[in-house]
Amino acid sequence: MQTHKSDFEGFIIEAKEHFKDRVYVDYLRRFAYGIDASCYTYVPKVVVRAKNESDIITLFRLSQKYNAPLTFRAAGTSLSGQACSDSVLVLANAFWQNIAVSKDGSSITCGCGVIGIEANEALKPYGKKIGPDPATINNAMIGGIFSNNSSGMCCGIKQNSYNTIKSARFILHDGSILDTSNSAKKGQDIESFLQKHKDKVDSLLALREQILQDKELCKLIRRKFAIKNTTGYSINTLLDFSDIKDIINHIFIGAEGTLGFVSQVEYESVEDYAYKACALLFYKDLSIGAKAVEILANNESLVSAAEIMDYASLRSTKDLDSAPNELEQIESGACAILVQLESSTKAELDSKVAHISKAIESVPSLFGTHFSSDAAQMESWWKIRKALLPLAAGKRPSGSIVITEDICFPISTFAQGIQSITKLFARFNFEGIIFGHALSGNVHFIITPNLNDAQESRAFGEFMEAMVDSVLSLQGSTKAEHGTGRMIAPFVEKEWGKKAYAINRKIKEIFDPHYLINPDVIISDNPQIHMHNLKQSSEVDDFINQCMECGFCEKVCPSRELTLTPRQRIAVRKEIARLQSLLHSIDSSTPIESSLAKQGAVPLANKRQLQAELQALQKGYQYFGIDTCATCSMCSLSCPLEIDSGNIASKLNPMTKSVFSRFVAKQSANHFKPTLSIAKGALNVANFGFSVLSKNTLNALSKKLTFMPYIPKSLPLANNYKLDSKDYGKSNQIAVIYFSTCINRAFSPSSSLKDTRPLQEVFESLCKKAGVSVVYPQNVSNLCCGKAYKDYPQSADKKRKEAYRALDCSVKDLQSKGVKQIHITCDHSACSYELKSNIKELDSNLQILDMPEFVESILLPRLAIVPLDENIALYAMCSTRKGKWDKSLESIAKTCTNGEVIIHTKTQCCGFAGNKGFNCNALNTSALRELSEFYANKQKAYKALAHQSTLESKRAFGGELHSKTKEQKLQLGFSSSSTCEIGLNDNTNIIWQNLIYLVDRVSNAEIKDRV
């Protein structure tokens, strides 16, 4: 184990020389970045964001030099404490997302930061997927899936990482790289490893020989790995393989980042069956359900998954929209099993359904056996299963934390195993829930102890001891797929015995002789490590109290690479509340305790440290928690509990506003037309500045000078278009009330864009072609949906009410004139969402359509479209996704072009966030990093393809270019938000405009006959 004192100061000084601003030492980020989905809280001494293998090699060198332990973190969805650190935490996620699929789709190579579902999306065209399928596959990254040997619902042990690995790329503690793929470079291949690391090779082969000579040990290993088992290292590799390449490939699987760094993994892909059917079977109690499990397990070759859920877990899902009606009918003690069957042909699937339905007749379900192949139905059932952990956690008692563990039993003792766990719940007075992968004998359970209470804390420790004894008595595994972590590290020797545990330790020492890689995980000399640094609960805002920090929200957050993610914002908010409460209790201590504090005893030192930590969190939270939160609420769509962390900023930001700023907001709301005139004047001044200093110069200057707003290169011109209603209809048949937003009344397209007509002019042009009259609300120049005043609630409410009154008056006016069809549309998707969201609150019956919705449903059927032969980019802003009309944009785009409509699905919010795009440009730039790279790569690919096509054409036609040769390219992008388009134009080499510019361009043909 580590014996020498660490020099973290030396490490930090030298690390800053190499990594610059990617070294984080402030307390807020150290605390926030140290948070993961487990029940532990460790605050690292320093956090470093690594971008490439060179960074990792440097970090290993510094680790050895300064005796500083390293822990590598991908998504942080691990549940057992293997991704926590109180030393150096290395973030290896955002810049490790390369994906390469083999030509036939038989394998896929992924960087450690690739999310599991993204790998499956890449394999989808081949009818393939990766083998592991954990419930967290939408968020968990390959580095964690591989290092935990995660399995999941449908893969069991047959298709986990251990059985589907093809090759991997490792960085060892001395900085050397080992690539076991066939394409490995000289010096990084297995032959070079054999030469450079003969000592490691000899030690591993000696361990293998030791195991082979011990028949009892061989028998134990085979028995333990016949079921799911991630307790300790994958020592079965020393029994299963003789070739050193295979041994190396497999020994790192399930090693939880304790042996080295895994930079990429190549998986053999598995078939993603085209035909699937599911049944949700209900049983009176777990004992009857266990009998059904045994029958399903005996037919394992036919069954892909069988997920068991007890009554408590089912009860936690009953409020979901997708919850089945049966949940209202079952009684306490009941359970359910979600069964999935799969096949490559419909006939074979039907045969499996018939066979399994017949097989389980002897254990009848409460509501019968009904298999469904309806995609929506199956997805709703799986959504329930995958959301169980955060849903159950959200219903935990006040003051408690979430402890989740997974164990495994042979099917022969599965029923006994479930009974033993339920008895332990009763014995230690825990209201636990049970669910899991029943087909594999794999049981997950959740308990929610209040560890602030000494009695419950002690009970938890005793529960763990008793649970381990119970599982081992039934020849089970104390860890099945979540990894050993810190939670089970004290029990590895108890499960395996001294001989096997000694082999585990030897494996650790072969690859990490100084115990500097993720110490105390898997191997620990601390018998109480599982009880240390457990998360402490604290009461904060009701809407975030439920959060268990699972991290499901992180991948969609626009600030995830800049400052904090939603779960980190919540965690810091909770910690602020905890520290405030703790300091209050110290201040309220007895006179004797206060006297000791004044004498310099420990409590005073503790108090000073707590005060310093609290001040650091409070001081930094304004920028990290509020200013850089886009308040887009995309996090709520990914969260099973629909927690909207954007509400933190929405709630706190108004409190930070001064009396003067509130006065200014009130005056501008009362005199809105002059306010917009001032904004237009500012645009004129800035555009004049462009003519004097050049766009690049003024843009660069605005980035450096903090007292001035960011001035984008694609800065809009001032909009001076006159808004007059237009009568394009016939016999008062159809009219649209056009709520042109304040932002679009102020903005006209930048002079650098393809079409510089104001948006209103383009919309009127479309309506004229379609024969739809355009009506602007009365006093439109003074209207605003209220979103511009979101930090000033009173002013926002005033503007909202004015807008609804104006729209309502316009509707009534048109009705009085006998107009038969009346529609309302809004020309900025964020404002449309704002108007729609407040309709019920304001007791209004107005039906408002975002402009893409209006164009798709009303205008397109009345227009003749001549599609472009071009590829176009499309960005659906966050509001369209929240409002669930993002598909309207896609439908319109596909109607308007015969080319490819290219969408970067990973970017769900651009981070421009209205005014934040001008006063916090870093958020927009960071949020669009991946989108920018994605479209840049697309453009390069099209350019390369065009070059290749040109060469082939010239060769085919004797040096002449064939007239039909078309150059594939990507030049145009479309959206439905003028502010988002500013950021998109500044951060890509594509020209972005509102989607209606495209519709107007392709709809110049004769108008269709109208109904």
Side-chain angles (χ1 to χ4, degrees), residues 24 26-38 41-44 47 49 73 75-77 89 91 93-94 139 390 393-394 401-402 535-580 613-656 790-791 878 882 908-909 911 913-914 916 920 922-924 926-927:
Y24 312 114
D26 58 286
Y27 184 72
L28 186 146
R29 279 183 287 189
R30 287 191 294 116
F31 175 84
Y33 294 167
I35 290 295
D36 74 349
S38 76
T41 296
Y42 281 82
V43 181
V47 179
R49 190 181 295 278
R73 163 81 61 81
T77 56
L89 181 66
L91 304 179
N93 42 29
N139 309 279
I401 68 165
V402 180
K535 285 178 180 174
Q536 299 296 307
S537 61
S538 56
E539 290 296 303
V540 281
D541 310 271
D542 288 340
F543 66 92
I544 60 174
N545 270 333
Q546 300 168 302
C547 177
M548 68 152 286
E549 296 153 21
C550 66
F552 283 20
C553 55
E554 291 196 323
K555 70 175 183 178
V556 299
C557 180
S559 62
R560 63 187 179 274
E561 293 177 27
L562 178 66
T563 51
L564 302 183
T565 64
R567 74 162 161 186
Q568 291 165 352
R569 285 189 173 90
I570 291 172
V572 173
R573 189 87 181 123
K574 287 181 177 179
E575 181 66 1
I576 288 173
R578 188 186 74 84
L579 291 174
Q580 288 173 329
E613 291 172 356
L614 177 60
Q615 288 170 4
L617 296 182
Q618 289 176 321
K619 182 179 179 180
Y621 202 77
Q622 179 63 44
Y623 176 73
F624 287 94
I626 300 175
D627 293 347
T628 53
C629 175
T631 61
C632 61
S633 303
M634 292 307 295
C635 50
S636 66
L637 301 187
S638 300
C639 175
L641 300 176
E642 299 181 353
I643 297 172
D644 184 356
S645 71
N647 285 333
I648 300 175
S650 298
K651 179 179 178 180
L652 296 180
N653 214 23
M655 300 178 188
T656 66
K790 62 184 178 182
D791 294 335
C878 51
K882 287 188 296 181
Q908 306 232 342
C909 174
K916 290 191 178 183
C920 187
L923 176 60
N924 180 229
S926 179

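For the single chain, residues carry numbers from 1 onward in sequence order. This is a predicted model, so every value here is computed, not measured.
Annotation: side chain to side chain donor-acceptor pair (under 3.5 Å) contacts of Tyr621 (sequence neighbours excluded): none. Applying the side-chain contact (heavy atoms from CB on, under 4.5 Å) criterion to Lys619, with sequence neighbours excluded, gives no partner residue. Under the side-chain contact (heavy atoms from CB on, under 4.5 Å) criterion, Lys555 pairs with Ile115, Ile117, Asn138, Asn139, not counting sequence neighbours. Here Ser38 pairs with Asp36, Tyr40, Cys84 under the side-chain contact (heavy atoms from CB on, under 4.5 Å) rule; sequence neighbours left out. Remark: Glu554 pairs with Arg567 by the salt bridge (Lys or Arg N to Asp or Glu O under 4.0 Å) rule, at least two apart or across chains.
Across Val540 and Asn545, no two heavy atoms sit closer than the pair N-OD1, 2.9 Å. Between Val402 and Ala393 the shortest heavy-atom distance is CG2-CB, 3.3 Å. The two residues Ser559 and Leu923 come nearest to each other via the heavy atoms CB-CD1, 3.6 Å. Residues Thr77 and Cys550 approach most closely at CG2-O, 3.7 Å, considering heavy atoms. Minimum heavy-atom separation, Phe552 to Ser638: O-CB, 3.4 Å.
How far CD of Gln546 is from CD1 of Ile570: 10.0 Å, rounded to the nearest 0.5 Å. With rounding to the nearest 0.5 angstrom, the CG atom of Asn653 is 12.5 Å from the CD1 atom of Ile648.
You'll find the side chain of Pro44 stays beyond 4.5 Å of the side chain of Tyr33, heavy atoms only. Under the 4.5 Å side-chain criterion, counting only non-hydrogen atoms from C-beta, Cys547 is in contact with Lys574. Residues Leu89 and Tyr42 fail the side-chain proximity criterion, which asks for heavy atoms closer than 4.5 Å. Contact annotation: the side chain of Val572 never approaches that of Ile35 to less than 4.5 Å [non-hydrogen atoms, C-beta and beyond]. Inter-residue side-chain proximity for Cys553 and Arg569 is flagged as unmet; no heavy-atom pair is nearer than 4.5 Å. Residues Gln618 and Gln580 are in side-chain contact: their nearest non-hydrogen atoms beyond the backbone lie under 4.5 Å apart. At a threshold of 4.5 Å between non-hydrogen side-chain atoms, the residues Arg573 and Ile544 count as touching.
Remark: the backbone N or O of Leu91 is not paired with any side-chain donor or acceptor of Arg49 at under 3.5 angstrom. Of the possible donor and acceptor atoms, none in the side chain of Arg29 sits under 3.5 Å from a partner among the backbone N and O of Asp26. Using modelled atom types, no side-chain atom of Ser926 and backbone atom of Ala922 make a donor-acceptor pair closer than 3.5 Å.
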Let me have the donor-acceptor pairs involving side chains of residues 626-637, under 3.5 Å, with sequence neighbours excluded, atom names and distances please.
unit_1 : atom_1 : unit_2 : atom_2 : d
Asp627 : OD1    : Gln622 : NE2    : 2.8
Thr628 : OG1    : Thr563 : OG1    : 2.8
Thr628 : OG1    : Tyr623 : O      : 2.7
Thr628 : OG1    : Phe624 : O      : 3.3
Thr631 : OG1    : Lys790 : NZ     : 3.4
Ser633 : OG     : Asp644 : OD1    : 3.2
Ser633 : OG     : Asp644 : OD2    : 2.6
Ser636 : OG     : Ser633 : O      : 2.6

